[in-house]
Amino acid sequence: MASSPPFRLPLAVVLLLAIICVLLASPSCHADDLTATMTNEHEKEHQLMMMMMDRFHRWMATHNRSYASADEKLRRFEVYRSNMEFIEATNRNGSLTFKLGETPFTDLTHEEFLATYTGGVRLPPERRGMQDDSDEEDAVITTSAGYVAGAGAGRRTAAVPESVDWRKEGAVTPAKHQGQCAACWAFAAVAAIESLHKIKGGDLISLSEQELVDCNDTGNGTCSKGYSDDAFLWVSKNKGIASDLIYPYVGHKESCKKQLLGVHNATVRGVVTLPENREDLIMAAVARQPVAVVFDAGDPLFQNYRGNGVYKGGTGCSTNVNHALTIVGYGTNHPDTGENYWIAKNSYGNLWGDNGFVYLAKDTADRTGVCGLAIWPTFPTIR
Ligand SMILES: *[C@@H]1O[C@H](CO)[C@@H](O)[C@H](O)[C@H]1NC(C)=O
Ligand SMILES: *[C@@H]1O[C@H](CO)[C@@H](O)[C@H](O)[C@H]1NC(C)=O
Ligand SMILES: *[C@@H]1O[C@H](CO)[C@@H](O)[C@H](O)[C@H]1NC(C)=O
Ligand SMILES: *[C@@H]1O[C@H](CO)[C@@H](O)[C@H](O)[C@H]1NC(C)=O
Ligand SMILES: *[C@@H]1O[C@H](CO)[C@@H](O)[C@H](O)[C@H]1NC(C)=O
């Protein structure tokens, strides 16, 4: 007790000197320590880089990716690293209700993603302008025999269930991957036909997107654009569509294989196109069967969407639609966010989104729906 006061002063002096030293930032102060710190920083950066490289290699293995040259690999690593930084910063922000993560597109810049994986649809002017306040009876109904306006197909019924998930009924095939072919319109249409076929008592059969790409794409030699409602009509006129097994997907446009057009593993009678901006009508329709919709996939958040919550788009999402999806269900009170939501099937494989599916905000203030999903909903009929 008596011996402690004499030690106090020297200790205080030493601390004071140290503080002055730091404040003055004199280079002679702790020069060795500073060098050590800088080396540590450098070392840390190097370690982070090595960790990122490890993750990149794991990502390459998961997605079976390889590159033609060391240069290309380095370039792709830089893009991957920049995407991962965006993904982690966005997740840390916490203002999103969903999660970003690694997808098949983590080595692509956003421009490359847009060029390769969107652009399969563009809304032609004549598709707009249907009455906003019309009821489902005013839906445009087309059959191979021609237009049948207002026939009341799929009339809105009084009791629409609070939630529907056609996946749980075994009526939805696993998410497929369109590859580097802008055939989202064919994938969205085929998913709707597959489900309807099953719901109406058939087997769940994976049907052929390739048949539609080869025989009903607007492009000349390359996958370019198509329309899900045209695809339904095409199947209706052809009196059916082949299975994926018989007419498999190759991911680019080839000449239409006429000898397979007579193989009919499922059929469609007509098409219903709902009035725009009516999520209530989409809901009533989805209660009966999955519905193909158009969508703006143009926000960077969509490229990196990995589920866990309800997607609302970002500032880069508008009604300039460039993609198609199939709505296979809906619900209220999402476990992650408490919101109303749609369940949509995408065509980016099962390593994107939630096993290839995306939850989209439903009944928002936006009449066109999130990213334009309510602009142009269409579904096939069987009889
Ligand atoms: C992985 O890619 C190689 C060539 O890029 C291909 O031959 C192989 O079939 C792919 N494997 C899988 C499991 O996708
Ligand atoms: C988090 O996101 C919000 C909304 O996009 C944005 O306004 C904010 O600046 C972000 N914060 C950070 C730290 O990035
Ligand atoms: C696709 O099929 C529909 C229905 O038969 C047709 O109206 C449309 O012109 C076709 N488009 C192309 C590019 O073949
Ligand atoms: C399609 O491409 C071929 C060869 O590139 C060309 O000869 C043909 O005229 C094109 N057809 C149309 C309709 O553009
Ligand atoms: C599709 O139809 C063909 C011809 O009728 C048949 O051989 C085949 O088993 C059917 N189913 C599938 C899944 O391909």
Side-chain angles (χ1 to χ4, degrees), residues 119-128 130 139-149 153 170-176 178 181-274 292-294 321-324 326 376-382:
V121 294
R122 184 179 57 222
L123 198 59
E126 72 270 18
R127 311 272 174 160
R128 289 191 182 267
M130 293 181 67
V140 172
I141 298 152
T142 314
T143 70
S144 50
Y147 285 91
V148 188
V172 182
T173 63
K176 305 181 193 180
Q178 66 185 62
C181 166
C184 57
W185 60 276
F187 283 86
V190 162
I193 300 171
E194 288 170 349
S195 293
L196 182 61
H197 183 72
K198 166 71 178 171
I199 291 165
K200 295 295 183 186
D203 293 330
L204 183 65
I205 302 171
S206 179
L207 298 171
S208 175
E209 288 82 11
Q210 192 66 42
E211 184 171 0
L212 292 172
V213 169
D214 290 350
C215 310
N216 194 223
D217 185 308
T218 56
N220 183 14
T222 55
C223 299
S224 58
K225 259 182 202 50
Y227 302 103
S228 297
D229 53 353
D230 274 356
F232 297 140
L233 201 53
W234 185 90
V235 173
S236 161
K237 284 182 173 155
N238 190 56
K239 305 214 177 335
I241 182 170
S243 70
D244 203 26
L245 209 62
I246 284 168
Y247 202 143
Y249 193 62
V250 296
H252 55 263
K253 184 172 169 153
E254 296 188 335
S255 57
C256 182
K257 292 184 179 54
K258 300 238 161 62
Q259 72 278 14
L260 296 179
L261 294 183
V263 181
H264 297 155
N265 290 98
T267 61
V268 161
R269 174 176 167 266
V271 188
V272 176
T273 301
L274 294 174
V293 297
V294 290
V321 294
N322 53 22
H323 195 53
T326 310
W376 186 7
T378 176
F379 58 87
T381 62
I382 283 188

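Just so you know, ligand 1 is whichever comes first in the structure, and atom 1 is the first atom listed for that ligand.
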Q.
Tell me which pairs pass ring pair (Phe, Tyr, Trp, His ring centres under 6.0 Å) where either residue lies in residues 186-221, with sequence neighbours left out.
A.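 Ring pair (Phe, Tyr, Trp, His ring centres under 6.0 Å) check on residues 186-221 returns Phe187-Tyr249.
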Give the numbers and elements of all ligand 3 atoms closer than 4.0 Å to a heavy atom of [X].
{"X": "Thr218", "value": "13 (C)"}
{"X": "Asp217", "value": "13 (C)"}
{"X": "Trp234", "value": "2 (O), 4 (C), 5 (O)"}

Polar side-chain atom of [X] near backbone of [Y] as donor-acceptor pair, under 3.5 Å:
{"X": "Asp217", "Y": "Cys223", "result": "no"}
{"X": "Tyr247", "Y": "Lys257", "result": "yes"}
{"X": "Thr381", "Y": "Arg269", "result": "no"}
{"X": "Asn238", "Y": "Leu261", "result": "yes"}
{"X": "Ser236", "Y": "Phe232", "result": "no"}
{"X": "Ser206", "Y": "Asp244", "result": "no"}
{"X": "Ser208", "Y": "Pro248", "result": "no"}

Protein heavy atom at shortest distance from [atom]:
{"atom": "atom 7 (O) of ligand 3", "answer": "Asp230 OD1, 4.1 Å"}
{"atom": "atom 4 (C) of ligand 5", "answer": "Val263 CG1, 4.0 Å"}
{"atom": "atom 13 (C) of ligand 5", "answer": "Ile205 CG2, 3.8 Å"}
{"atom": "atom 14 (O) of ligand 5", "answer": "Ser243 OG, 2.7 Å"}
{"atom": "atom 11 (N) of ligand 5", "answer": "Asn265 ND2, 2.9 Å"}

(Q) Tell me whether Asn216 has any N or O atom under 3.5 angstrom from an N or O of ligand 3. (A)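 Yes, at least one N or O pair falls under 3.5 Å.
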Q.
Counting only heavy atoms, tell me which of Leu260, Asp244, Ile246 gets closest to atom 6 (C) of ligand 5.
A.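 Ranked by closest heavy atom to atom 6 (C) of ligand 5, first place is Ile246.
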**Q.** Any protein heavy atom < 4.0 Å from atom 9 (O) of ligand 3
**A.**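 Answer no: nothing from the protein, no heavy atom, is under 4.0 Å.
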